**Student:** 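One structure, pasted below without further comment.
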Amino acid sequence: MSLLAAVGLSQSFGGVTALEDVSVEAGPGELVGILGPNGSGKTTLVDALTGMLRPERGRIELGGVDVTARGAAGLARLGVARTFQTTRLMEPLTVGDNVLLGLHCAAVRRRRSRLQLVDAMLDALGIADLDGRVVRELSHGQRRRVELARALVGSPRALVLDEPTAGLFGPDAQAVAQLLAGVAESGVAMFMIEHDLGVVAEVCTRVVVLDRGLVVDQGPTRAVLAGDAVAAISGELGRDRFEAVSA
Amino acid sequence: MEGSRPLEVAQQLRWFAAARLRRHARLRRHARLPTLVVLLVLPLLIPSAHVASVARTAATYGVLALGYAVVLGLCGQFTMAHAALFGVGAYAAGILAANLGVDPWLTLPVAIVLAAIAGAVLGLSALRVAGDLLAIVTLAAGQLAQLVFVGWTPVTGGNAGIPDVPALRLGGHLLIEEHELYLLAALVLVLAVVCLDRLKGSGFGLALQSIREDEVLAAANGVAVGGHKLIAFALSGAFAGAAGWLEATAIGAVSPTTYDVVLSVLVAVMVLLAGAGRVYAVLAGAAFVAVLQDLLSSLPLVETGAIGAAIVAVIMWRSGVFTRRWRPAL
Ligand SMILES: Nc1ncnc2c1ncn2[C@@H]1O[C@H](COP(=O)(O)OP(=O)(O)OP(=O)(O)O)[C@@H](O)[C@H]1O
Ligand SMILES: [Mg+2]
């Protein structure tokens, strides 16, 4: 049973086809990896799944209900959280306040309980020491974790992550991936754009491969990773990742 | 504390060294309000009606500027019609008390509500345009309000305004002595400061700040961006309405020229001087403008020049000349 799904999405920008008849879904407990070369439409798919982009054709369903017209804030209120390819945070505010924003629609109303949740989330992500720091001063890897804390703290039903491990290296990327796998296992439906095939193999339950806006392969992780589609694009995966990170 | 599944999972994993460092102390904040109260008492000790009158203007501007800080400082909306909302409050008080014989005290809630509604109507423009364009659209809206103040003669008294707003009455005593009027304005100011401090620390205030920083991020966290903007405008209108009531009942008259574009610019200056999100610095900005206005009032040419310079300063701020240091930040 799918919790968050895109059905028959098509979207073009000018002459560029970003998505063409794309259907993907994630059920509770599933971590769906999205693979594809640069410009293949991954971010466009994430934007559509989270209501940031109203697709030209197709629909978004949450728990079987058509939510295409709800918009980003509407979907967030229904329990769909996301992170961004380039971290988006409130620069002049503290880490604690940034994470607190993730509780904007949470049922927890008491300020003290909210602060406790934030504290505990930061603690769990190993960034408790950053609490009072202003985001502007943080390193790239720290910002990634703050953004993740912001997305996780509200206990979302579905989570859509645009390259959560980009810019994290070695054990940090592994650790984040493990955390996300654990969160998914606890019953959250999750999509995650990921370039690192090792990480995908380790944590994703299913994989969707996009190329030039088309779904070229989709299925259980092991089968897809061994398939021709991945072999065809693997040379291009995350090619300019380093540039994207340092920019 | 209610549970959070991602949290539980994360806690179980605990892969990073989890140092339980305590949240930064928020002590600094608690010293500010008492300091303000002490400062506010000072003008009461000076036996000069003139000083008290300037201090009252400063306090009134303070309330006005705090309202502007909600919409510009917290929500990041650059509006230029704040004098018009101030005027709505003043006219509401003046018209009700002078023309309809309503007790001046009872006109306070009406002034607040009407100015809040006017603020929300003004805020509709922020749903369509942003940035400098919003400043221009609201500037035009302020001029429109000015046309109404001047042109709707049967109600507003036209160019002459309302010359005979009855004074506030406490028991049998008329509040007309400058020190008493100042005390009232100072009390309203303290209330406004407390309101704004609370607002800033609330989830709603955080949502407004998220809109200022990044509307996409705000929406991704479920913040209803348009609705929050309207409420921010309405709140800033409410502050301006209270300020307008103070002004009308203290001076005993309402005159349209008080509520024109020049004052809108001055309010922006008060707030930008301070750094838009800083509650207490905004009050210093308001006092600075009130004192300067008083000092220059005998030199009309210099006053006009100073206002011109203020307008240039605001434009320079917008164009980023001061951005590094003067960005609205908390
Ligand atoms: N707002 C937009 N306006 C015009 N073109 C766009 C827009 N957003 C995306 N595109 C184009 O649509 C295509 C898909 O872009 P998208 O960002 O979804 O790719 P991606 O798979 O996320 O790439 P990357 O790996 O570089 O992040 C690209 O050709 C891109 O240039
Ligand atoms: Mg992308």
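Source: prediction; values computed, not measured. A note on names: the letters A, B, ... follow the listed sequences, proteins ahead of strands, and every chain is numbered from 1.
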**Student:** Is it true that A:Lys42 and A:Glu194 make a salt bridge, defined as a side-chain N closer than 4.0 Å to a carboxylate O?
**Tutor:**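 Looking at A:Glu194 together with A:Lys42, the answer is no, because their closest N to O distance does not fall below 4.0 Å.
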
**Student:** Fit a plane to each ring of B:Phe204 and B:His228, take the angle between them on a 0 to 90° scale, and name the class: parallel (under 30°), tilted (30 to 60°) or perpendicular (over 60°).
**Tutor:**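 If you compare the ring of B:Phe204 with that of B:His228, the planes turn out parallel.
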
**Student:** Flag the pair A:Arg82 and A:Asp47 as a salt bridge only when some basic side-chain nitrogen lies within less than 4.0 angstrom of an acidic carboxylate oxygen.
**Tutor:** yes

**Student:** Salt-bridged, A:Arg59 to A:Glu61, with N to O below 4.0 Å?
**Tutor:**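 Yes, A:Arg59 and A:Glu61 are salt-bridged.
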
**Student:** Flag the one option from B:Gly203, B:Ala207, B:Ala219, B:Ala218 with the top tally of heavy-atom pairs under 4.5 Å to chain A.
**Tutor:** B:Ala219

**Student:** Relative to chain B, which segment of A:Met52 carries a heavy atom at a distance below 4.5 Å: side chain, backbone, both, or neither?
**Tutor:**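 Contact with chain B: side chain only.
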
**Student:** Counting heavy-atom pairs under 4.5 Å with chain A, which one of B:Ser202, B:Ala224, B:Gly222 comes out on top?
**Tutor:** B:Gly222

**Student:** Quick one: what part of A:Leu159 sits under 4.5 Å from any heavy atom of chain B, side chain, backbone, both or neither?
**Tutor:**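 Neither the backbone nor the side chain of A:Leu159 comes within 4.5 Å of chain B.
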
**Student:** Tell me, out of A:Arg88, A:Arg77, A:Arg150, who's got the most heavy-atom pairs with chain B below 4.5 Å.
**Tutor:**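 Maximum pair count with chain B is reached by A:Arg88.
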
**Student:** Go through the atoms of B:Val225 and report whether side chain, backbone, both or neither lie under 4.5 Å from a heavy atom of chain A.
**Tutor:**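 For B:Val225, neither part sits under 4.5 Å from chain A.
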
**Student:** Considering all heavy atoms of both residues, which atom of A:Arg111 and which atom of B:Gly201 are nearest to each other, and what is their separation?
**Tutor:** NH1-O, 2.8 Å

**Student:** Only pairs of heavy atoms separated by less than 4.5 Å count here; which of A:Gly74, A:Ala149, A:Ala76, A:Ala73 has the most with chain B?
**Tutor:** A:Ala73

**Student:** Ignoring hydrogens and geometry beyond distance, is a side-chain donor-acceptor pair present between A:Glu202 and A:Gln178 at under 3.5 Å?
**Tutor:** yes

